[in-house]
Amino acid sequence: MFMFRRTPSKGRQFVALFGFFAITFLTAAIGAVGSMNAPDFYSQLNLPGFAPPAWLFGPVWTILYAMMAFAAFLVWRKASWRDGDTALTLYLIQLLLNGLWSWIFFAWYSGMWAFLEIIVLWVFILLTTIAFWRHSRGAAVLMLPYLAWVTFAGVLTFSIWRLNPTVL
């Protein structure tokens, strides 16, 4: 028997949208606490020629976090927690890994562990994007800039680690 899922009420949709933005930006805030010294630390590092200026990270991450939160909301709206549990669980795992990276790199000064962690993060972003595709192609597309940025961030992390072996 084929069953149709009812669209959640406007009130539930608003609460869910707020919730996804809240958990996503809470992750950003936790990462920000771990990287409070990032501007000073970043300016003291030997950087590769392709490294962006420090001021660019804030705006890029703000846009990416908003896109990620909206993508998760789209999956929830289409599939709910019950039907989208794998996709949304993957989303939460990659969020945890996302917030952890800042602590590893900027608070604990570990280039090697930051690089290894960003590889794991990248895999979970890819798995999340694939899982999102099964429920909402729009949600998966919203995750692609994040995947691209973390790919770039992985190359940047590796390069900075190798250029600063005594610091990281």
Side-chain angles (χ1 to χ4, degrees), residues 20-75 84 86-168:
F20 283 113
F21 269 81
I23 191 73
T24 302
F25 279 93
L26 176 62
T27 299
I30 291 168
V33 170
S35 60
M36 289 177 72
N37 69 335
D40 289 334
F41 182 63
Y42 191 73
S43 69
Q44 295 172 14
L45 295 171
N46 293 318
L47 300 173
F50 62 88
W55 65 263
L56 185 62
F57 289 95
V60 167
W61 276 112
T62 300
I63 292 165
L64 292 174
Y65 282 126
M67 293 171 70
M68 292 160 50
F70 192 67
F73 166 74
L74 290 176
V75 169
T86 299
L88 295 172
T89 299
L90 287 168
Y91 179 78
L92 294 175
I93 292 169
Q94 68 79 30
L95 269 183
L96 174 71
L97 292 167
N98 179 298
L100 180 61
W101 184 92
S102 295
W103 283 87
I104 295 170
F105 191 84
F106 290 112
W108 302 328
Y109 305 110
S110 180
M112 179 191 72
W113 286 109
F115 177 65
L116 294 174
E117 195 271 358
I118 208 166
I119 292 170
V120 175
L121 171 61
W122 189 92
V123 168
F124 272 91
I125 296 167
L126 179 63
L127 293 172
T128 302
T129 303
I130 291 167
F132 276 17
W133 180 267
R134 293 182 184 128
H135 298 289
S136 168
R137 290 194 166 106
V141 168
L142 285 170
M143 295 292 286
L144 294 177
Y146 175 39
L147 185 63
W149 182 258
V150 171
T151 301
F152 171 74
V155 172
L156 183 61
T157 299
F158 180 80
S159 298
I160 292 172
W161 167 43
R162 300 315 303 150
L163 288 170
N164 299 275
T166 59
V167 179
L168 294 167

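This one's a predicted model, so the numbers in the text were calculated from it and none came from an experiment.
- Remark: side-chain polar atoms of Asn164 are paired, donor with acceptor, to backbone N or O of Asn46 under 3.5 angstrom.
- The two atoms that bring Leu47 and Leu163 nearest to each other are C-CD1, 3.8 Å, heavy atoms only.
- Across all non-hydrogen atoms, the minimal contact from Trp103 to Gly34 is CE2-CA, 3.3 Å.
- For Ser102 (side chain) and Gly99 (main-chain N/O), no donor-acceptor pair under 3.5 Å exists by modelled atom type.
- A distance of 11.0 Å separates CG of Asp40 from CG of Leu45, quoted to the nearest 0.5 Å.
- For the atom pair OG1 of Thr27 and CD of Gln94, the computed distance is 8.5 Å after rounding to the nearest 0.5 Å.
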All N/O donor-acceptor pairs, side-chain side in residues 51-74, below 3.5 Å, sequence neighbours left out:
{"unit_1": "Thr62", "atom_1": "OG1", "unit_2": "Gly58", "atom_2": "O", "d": "2.8"}
{"unit_1": "Tyr65", "atom_1": "OH", "unit_2": "Asn98", "atom_2": "OD1", "d": "2.5"}

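- Annotation: the span from Leu26 atom CG to Leu95 atom CG amounts to 9.5 Å, rounded to 0.5 Å.
- Taking all atoms of both residues into account, the shortest heavy-atom contact from Thr128 to Tyr91 is OG1-N, 3.7 Å.
- For the pair Thr86/Leu90, a side-chain contact is recorded, criterion being any heavy-atom separation below 4.5 Å from C-beta on.
- Put simply, CD1 on Ile104 and CG on Leu97 are 8.5 Å apart, with the number rounded to the nearest 0.5 Å.
- Taking the side chain as every heavy atom from C-beta outward, Ile160 and Tyr42 approach each other to under 4.5 Å.
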Pair up each side-chain donor or acceptor in residues 105-123 with any protein partner under 3.5 Å, not counting sequence neighbours, and list the distances.
{"unit_1": "Tyr109", "atom_1": "OH", "unit_2": "Asn37", "atom_2": "ND2", "d": "2.7"}
{"unit_1": "Ser110", "atom_1": "OG", "unit_2": "Trp113", "atom_2": "N", "d": "3.3"}
{"unit_1": "Trp122", "atom_1": "NE1", "unit_2": "Thr151", "atom_2": "OG1", "d": "2.7"}

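- Between the CZ atom in Phe124 and the CG atom in Leu92 there is a gap of 12.0 Å [rounded to 0.5 Å].
- Taking the centre of each ring, Trp149 and Tyr146 stay at or above the 6.0 Å mark.
- With hydrogens and angles disregarded, no donor-acceptor distance shorter than 3.5 Å links the side chain of Ser136 to the backbone of Phe132.
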- Query: Stepwise, does the side chain to side chain contact (heavy atoms under 4.5 Å, CB included) test hold for Trp101 with Val150?
  - Reply: CA-CA 11 Å; Trp101 184 92; Val150 171; over 6 Å; no
